Undergrad: 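Structure below; questions to follow.
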Amino acid sequence: MQIGKDAIYSQPQQVAAFRFDQSVAEVFPDMIQRSVPGYNTIVDTIGQISAQYAQADSSIYDLGCSLGAASLSASKYIQGENCKIIAVDNSEAMAKRCELHVKAFKSKTPITIVCDDIQNIEVNNASVVIMNFTLQFIVPEQRDDIIKNIFQGLKPGGILILSEKLSHTSQSGNELLIELHHEFKRRNGYSELEISQKRTALEDVMRIESFEQHKTRLKNAGFNDVIRWFTCFNFSSMVAVKA
Ligand code: GEK
């Protein structure tokens with residue numbers, strides 16, 4: 001499969017709200033690696049954490065799977081018997097490309113791709129649920145129900161791996177993290193125009209929250225422990241454990 005370079009915002013344009021359409025799916029691996037600090041480390045470690053918590057005869061869900069990077073990492077590391085991975089994305093362009101991508105690999109743990117909204121998915125018999133930078137694209141009012149649904153569908157001892165872009169609670173701290181992230185993007189070849197047009201496109205689509213807000217939601221849903229295992233600038237990943 002050809003992997004293109006992300007030049008979506010390289011020319012001045014009337015910026016529309018960001019969508020995970022065909023043009024984004026085509027350049028997605030390049031886009032996410034140049035935009036999310038530590039993306040490769042996060043994806044690889046998600047596989048390792050999944051292997052540690054995957055229980056025999058259970059399901060692993062990857063909600064908002066895009067091209068299936070986290071699912072593939074989990075399938076590479078999981079050694080448990082009778083595990084299956086269910087990878088979900090509501091973008092048809094992503095799900096179709098994910099199908100092609102995943103087909104190219106063989107592993108003990110099969111991956112099934114479902115093109116649907118996370119909100120229509122009933123999580124069942126799960127030992128691991130992965131949301132790698134997906135919750136941030138769901139309107140905040142619907143996030144509590146999604147996390148509760150995940151908690152209900154997890155087996156005892158199961159986990160949710162939740163990666164998110166975060167806001168910081170003090171304004172000056174937040175500005176520092178934003179500037180460090182923009183510098184990361186510049187060093188990866190994005191121009192000032194690309195950075196600012198992308199920011200505009202994401203303004204209403206990606207509504208970020210602080211670590212404290214996420215932790216409170218996870219605890220309210222019933223999770224016992226929330227471990228923040230990765231942070232670089234304003235990007236973090238956490239593991240929430242069901243006792
Ligand atoms: C990775 N996890 O590479 N239902 C289903 N999918 C959704 C929904 C929804 N309601 N809203 C958004 N998505 C991936 C990266 S990208 C993160 C995840 C990013 C999907 C959307 O179509 C997109 O594919 C994904 O969530 C978010 O490990 O681009 O910053």
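Atoms within a ligand are numbered from 1 in the order they appear, just like the ligands themselves. Only a predicted model underlies this, so the values are computations on that prediction, with no experimental measurement involved.
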Undergrad: Would you find more than 12 non-hydrogen atoms of other residues, nucleotides or ligands less than 6.0 Å from E141 atom CD?
TA: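 Yes, CD of E141 has more than 12 neighbouring heavy atoms, counting only those of other groups under 6.0 Å.
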
Undergrad: Which part of S35 is near ligand 1, with near meaning a heavy atom under 4.0 Å away: side chain, backbone, both or neither?
TA: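 S35 to ligand 1: no contact under 4.0 Å from either part.
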
Undergrad: Quick one: nearest non-hydrogen protein atom to atom 4 (N) of ligand 1, plus distance?
TA: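 Looking only at protein heavy atoms, the one closest to atom 4 (N) of ligand 1 is I118 N, 2.9 Å.
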
Undergrad: Return yes when D116 approaches ligand 1 closer than 4.0 angstrom through a heavy atom, no otherwise.
TA: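 Per 4.0 Å heavy-atom rule, D116 contacts ligand 1.
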
Undergrad: What residue and heavy atom of the protein are closest to atom 19 (C) of ligand 1, and at what distance?
TA: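 The closest one turns out to be F137 CE1, 3.6 Å.
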
Undergrad: Under 4.0 Å, heavy atoms only, figure out whether ligand 1 is touched by the backbone of F20, its side chain, both or neither.
TA: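 Just the side chain.
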
Undergrad: Could you tell me which atoms of ligand 1, counted from 1 in the order shown, lie closer than 4.0 angstrom to a heavy atom of Y39?
TA: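 Those qualifying, in numeric order: 1 (C), 3 (O), 28 (O).
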
Undergrad: Closest non-hydrogen protein atom to atom 16 (S) of ligand 1, residue and atom name please, with distance?
TA: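 For this ligand atom, the closest protein heavy atom is S66 OG, 3.2 Å.
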
Undergrad: Please report which non-hydrogen protein atom sits nearest to atom 17 (C) of ligand 1, along with the residue it belongs to and the distance in Å to one decimal place.
TA: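 Answer for atom 17 (C) of ligand 1: F133 O, 3.0 Å.
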
Undergrad: Looking at D62, V43, I111, I85, which one forms a side-chain contact (heavy atoms from CB on, under 4.5 Å) with L72?
TA: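 Of the listed options, the one satisfying the test is I111.
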
Undergrad: So which protein heavy atom does atom 11 (N) of ligand 1 come closest to, and at what separation?
TA: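 Looking at atom 11 (N) of ligand 1, the protein heavy atom closest to it is N90 OD1, 4.0 Å.
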
Undergrad: NZ of K155: more than 12 outside heavy atoms within 6.0 angstrom?
TA: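 Yes - once you tally the heavy atoms of other residues, nucleotides and ligands closer than 6.0 Å, there are more than 12.
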
Undergrad: With respect to D117, determine whether any N or O atom, backbone or side chain, lies less than 3.5 Å from an N or O atom of ligand 1.
TA: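 It does: an N or O of D117 is found under 3.5 Å from an N or O of ligand 1.
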
Undergrad: Distance alone, cut at 3.5 Å: any donor-acceptor contact between the side chains of N90 and D116?
TA: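 On atom types as modelled, these side chains do not qualify, holding no pair under 3.5 Å.
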
Undergrad: So which heavy atom in the protein is nearest atom 14 (C) of ligand 1, and how far is it from that ligand atom?
TA: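 Atom 14 (C) of ligand 1 sits closest to the protein heavy atom G64 O, 3.5 Å.
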
Undergrad: Within ligand 1, which atoms have a heavy atom of F28 less than 4.0 Å away?
TA: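 What qualifies from ligand 1 is 3 (O), 15 (C), 16 (S), 29 (O).
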
Undergrad: Closer than 4.0 Å to some heavy atom of S91 - which atoms of ligand 1 meet that?
TA: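 This gives 22 (O) as the contact atoms.
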
Undergrad: Tell me which one of H214, R228, E164, K165 satisfies side-chain hydrogen bond (donor to acceptor under 3.5 Å, both in side chains) with S236.
TA: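 The option that passes is R228.
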
Undergrad: Compute the shortest N/O to N/O distance between I32 and ligand 1 and return yes if it is under 3.5 Å, no if not.
TA: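 Between I32 and ligand 1 (N or O atoms, distance only) the closest approach is not under 3.5 Å.
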
Undergrad: Report the C-alpha distance between I86 and I60 in whole Å, list the side-chain angles of each, state the deciding distance to 0.1 Å, and finish with yes or no for side chain to side chain contact (heavy atoms under 4.5 Å, CB included).
TA: CA-CA 6 Å; I86 300 154; I60 288 85; over 6 Å; no

Undergrad: Does Y53 use its side chain to pair, donor to acceptor, with the backbone of V241 at less than 3.5 Å?
TA: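 The answer is no, because no donor-acceptor pair under 3.5 Å joins these two groups.
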
Undergrad: Could you tell me the separation between the CG atom of L202 and the CZ atom of R207, rounded to the nearest 0.5 Å?
TA: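 CZ of R207 is found 13.0 Å from CG of L202.
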
Undergrad: Going by the closest heavy atom to atom 23 (C) of ligand 1, which one wins out of I121, D89, N132?
TA: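 It is D89 that holds the nearest heavy atom.
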
Undergrad: Count the heavy atoms of every other residue, nucleotide or ligand shown that sit under 6.0 Å from CZ of R199, and state whether that count exceeds 12.
TA: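 Open: at most 12 neighbouring heavy atoms sit under 6.0 Å from CZ of R199.
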
Undergrad: How about E92: does its CD atom have over 12 heavy atoms from other parts shown lying under 6.0 Å from it?
TA: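 Incorrect, the count does not exceed 12.
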
